Amino acid sequence: MRFVTAIFYLFLIADIYANELEGHVSFVVNNSNSQKTNIIIPFKQGVLLRDSELLLFKDSKQIDFDVKVHLLWPSNGATYVRALALNFTPDTGDYDLYWKKSAKVLEFGLFGGTTLDVVFKNDWLVNSSYTPLKSTSSDFQLNWFLKAFQKYADFITNEEEVSKSTKGKLTFLNPSPWLFDRPYTLYLLYFKTGDVKWKKEAHKAAEFYRQNINEKGYFKLQKRDDLKYLIPSGLVIDYLFYPTPDIIDTLELMYNNSLSWPLAYNEGKSFWTERNLAASIALPLALWEITKKSKFKTRLDDLIGGTQKGIYIPPTREEGCIKHQYNSHEGTNDETLICSPWMSVLLVEQLWRYYLMTKDELSASIIDSLGTNIVNSGTYKGKYKQLQGFTIPYYLLFFGDSKYNIPNQWTDIQHSCDVASMVTRSAFIRKKNNKSIIKHQGIIQGLLDSCKKTIIKPSKLKVWPLRPLRKFNWWFNSTGDMEWILEEIKFPIN
């Protein structure tokens, strides 16, 4: 009877607002509240205009509520909502939010009070990030990868298992498990699965990370001031779901420490890595996403312009990377020029996000160059035992003779998943620009075979431990949209 009633009121709404309704989202409240509370709803880019009227229903009854927008997608034209808060007294049950165009503009701002977690229906979350996070076709779905993501997340959020696995030597009071953005990685799993468990774990991680940024804007678990530990993307998503001005204040403290990073690499720089460049880009990007202030976009565009100038592209070739001296990267007296494929992944992750929001052609060009560099010269074949014939990314690419150029197939293969993601993004850009991606497809297949070899454990294992703990972040932080990209470039994986 309840199902029939629900169908009836859906048809009733459609009839009343024929040709006016533009969309709707359904969610479930599992915990009632006797007071007004906030329910945060994320939207993908281009779905909900700010000049819209909203209608909220529970079963066949229209609900009174207040609403504010607290995050917008970047735009040069129409203003689209990225996140809004519904404020009302919720009862348990199913809700439907509808919208249609309006002459009125939704109010911008924040409500006080508490936020209630809800369960979204119909893969709403999968399509509410920067890109869709799943393929709609089984031809492109990487179910083994999602299984590994969940199994390792089960481990990495179980402190008792972590302590047992590391014999008490590593905890989350150590700095290294926070590298590569633990909060953002957990939020990605929430977007992919819709399981509120991962949202709560991500929020817990984001709160811990933010509370451990000291008054100087550095991560205090790391004993020295270190730019690479200033990782803001998870805080952006935390602001989306749990908006508070404290998050912006923390990001601004962190951002100030990135301003001394040079716009472009020069050989006189005593220390330089793609990882620190990625951090210096991520910080203004995060603040621009939230505040839309021009000073952050200016800094961002200047860094991207400097990055493009630093890319060496060989004659008659398409690919390139940011060549820098080994001594700048590792602190020795060796001046051989190198690039780091896996650190380039961290850079591409930020440029990719910026490209998705703006269609910035310079970011697209850099992504293409760095990914194509891997295709043409960034991998080798495994030679020994179980890794014979597997495609392995170089940990460092050397451009000249060096005693330090000693590839290690056992450790290098640990970056096959994240480097595969960078190559898929390069292929996506190339396909958009009508360039060939045949060589990219071969490398993508090879790297994903290596990725699967690396991360999958026997099904009989109840717990999938991993060390170092930061590996969870680098395996899954930049790989969330791979299967969607595979579908976009029409390349099914064997």
Side-chain angles (χ1 to χ4, degrees), residues 44-47 120-153 184-185 187-195 198 345 348-349 351-353 355-357 359 364 367-368 370-372 374-375 378-379 390-393 413 415-457 459 474-494:
K44 73 175 181 180
Q45 199 166 9
V47 169
F120 292 98
K121 295 182 179 181
N122 303 322
D123 275 346
W124 179 261
L125 286 170
V126 166
N127 296 301
S128 295
S129 188
Y130 300 93
T131 70
L133 299 177
K134 285 185 181 178
S135 166
T136 58
S137 168
S138 59
D139 291 340
F140 307 98
Q141 289 170 356
L142 304 174
N143 294 325
W144 56 269
F145 193 77
L146 179 58
K147 177 184 177 181
F149 198 171
Q150 292 172 300
K151 294 291 285 187
Y152 288 117
Y184 181 76
T185 308
Y187 268 127
L188 264 181
L189 187 53
Y190 170 57
F191 276 109
K192 286 178 79 74
T193 65
D195 189 339
W198 302 123
V345 172
V348 164
E349 172 66 14
L351 297 176
W352 176 247
R353 205 171 297 147
Y355 165 74
L356 292 169
M357 291 187 288
K359 300 297 182 275
I367 293 167
D368 183 10
L370 294 175
T372 303
I374 300 300
V375 172
T379 67
F390 278 87
T391 300
I392 299 173
I413 198 172
H415 283 288
S416 53
C417 305
D418 45 317
V419 174
S421 175
M422 178 167 64
V423 179
T424 64
R425 290 167 174 180
S426 171
F428 179 92
I429 299 293
R430 294 178 68 82
K431 192 169 182 66
K432 288 283 186 184
N433 293 328
N434 297 314
K435 293 182 179 180
S436 173
I437 61 168
I438 293 174
K439 291 178 67 176
H440 285 64
Q441 290 172 334
I443 294 296
I444 291 168
Q445 179 71 68
L447 287 171
L448 285 179
D449 288 342
S450 299
C451 173
K452 190 173 185 179
K453 173 77 172 176
T454 304
I455 70 174
I456 295 298
K457 294 183 181 293
S459 297
W474 93 54
W475 274 351
F476 300 107
N477 174 285
S478 63
T479 51
D481 56 8
M482 270 202 302
E483 65 177 51
W484 173 77
I485 296 176
L486 293 174
E487 183 173 14
E488 289 293 298
I489 66 174
K490 296 179 171 54
F491 181 57
I493 294 297
N494 296 329

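If you're wondering where the values come from, they're calculated on a predicted model, not measured in any experiment.
- Rounded to the nearest 0.5 angstrom, Tyr355 OH and Arg425 CZ are separated by 12.0 Å.
- For the atom pair CG of Asp418 and CE of Met482, the computed distance is 9.0 Å after rounding to the nearest 0.5 Å.
- The shortest distance between side-chain heavy atoms of Leu356 and Gln45 does not fall below 4.5 Å.
- With rounding to the nearest 0.5 Å, the separation of CG in Leu447 from OG1 in Thr391 is 6.0 Å.
- Side-chain contact between Tyr187 and Ser129: absent, with no pair of heavy atoms (C-beta onward) separated by less than 4.5 Å.
- The aromatic rings of Phe149 and Phe476 sit parallel, their planes meeting at an angle under 30°, below the 60° perpendicular limit.
- Taking 4.5 Å as the limit, every side-chain heavy atom of Ile437 sits out of range of all side-chain heavy atoms of Val375.
- Across all non-hydrogen atoms, the minimal contact from Val348 to Met422 is CG2-SD, 3.6 Å.
- Under the 6.0 Å cut-off for aromatic ring centres, Trp484 and Tyr130 do not qualify, their centroids lying 6.0 Å or more apart.
- A donor-acceptor contact shorter than 3.5 Å links the side chain of Lys134 to the backbone of Lys192.
- Counting heavy atoms of neighbouring residues, nucleotides and ligands inside a 6.0 Å radius, atom NZ of Lys432 does not exceed 12 of them.
- For the pair Arg353 and Tyr184, the cation-pi criterion (under 6.0 Å, within 45° of the ring axis) is fulfilled.
- Remark: the Thr136 side chain and the Glu487 side chain contain an N/O donor-acceptor pair separated by less than 3.5 Å.
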* Under the side-chain contact (heavy atoms from CB on, under 4.5 Å) criterion, do Leu486 and Leu448 qualify, and how do the steps go? -> CA-CA 12 Å; Leu486 293 174; Leu448 285 179; 4.2 Å; yes
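- Listed here is the closest heavy atom pair of Gly371 and Ser426: CA-CB, 3.6 Å.
- In this structure, the side chains of Ile485 and Trp352 come closer than 4.5 Å at one or more pairs of heavy atoms.
- A distance of 8.0 Å separates OG1 in Thr454 from CZ in Phe390, rounded to the nearest 0.5 Å.
- Not a single donor-acceptor pair under 3.5 Å links the side chain of Lys44 to the backbone N or O of Pro132.
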* To do: For side-chain contact (heavy atoms from CB on, under 4.5 Å), just list the numbers for Ile455 and Trp144, CA-CA rounded to whole Å, side-chain angles, deciding distance to a tenth of an Å, and then say yes or no.
  => CA-CA 9 Å; Ile455 70 174; Trp144 56 269; 3.8 Å; yes
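- Using a 4.5 Å cut-off on side-chain heavy atoms (C-beta onward), Leu146 and Thr193 make contact.
- Within the 4.5 Å cutoff, side-chain heavy atoms of His440 are placed close to those of Arg430.
- Contact check for Phe140 versus Pro492: side-chain heavy atoms found under the 4.5 Å cut-off.
- The main-chain N or O of Ser478 is found under 3.5 Å from a side-chain atom of Ser421 such that the two form a donor-acceptor pair.
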* So Ile489 and Ile444, side-chain contact (heavy atoms from CB on, under 4.5 Å) or not? Walk me through it. -> CA-CA 12 Å; Ile489 66 174; Ile444 291 168; 4.2 Å; yes
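- We find the CG-CD1 distance between Asp449 and Ile413 to be 10.0 Å, quoted to the nearest 0.5 Å.
- Within a 6.0 Å sphere centred on NZ of Lys490, other residues, nucleotides and ligands contribute 12 heavy atoms or fewer.
- Formation of a donor-acceptor pair under 3.5 Å by the Ser135 side chain with backbone atoms of Gln141 is not found in this model.
- Scanning both residues, Cys451 and Phe145, for their nearest heavy atoms gives SG-CE1, 3.7 Å.
- Of all heavy-atom pairs between Ser416 and Ser450, the closest is OG-C, 3.4 Å.
- Atom CG in Asn434 sits 11.0 Å away from atom OG in Ser436 (nearest 0.5 Å).
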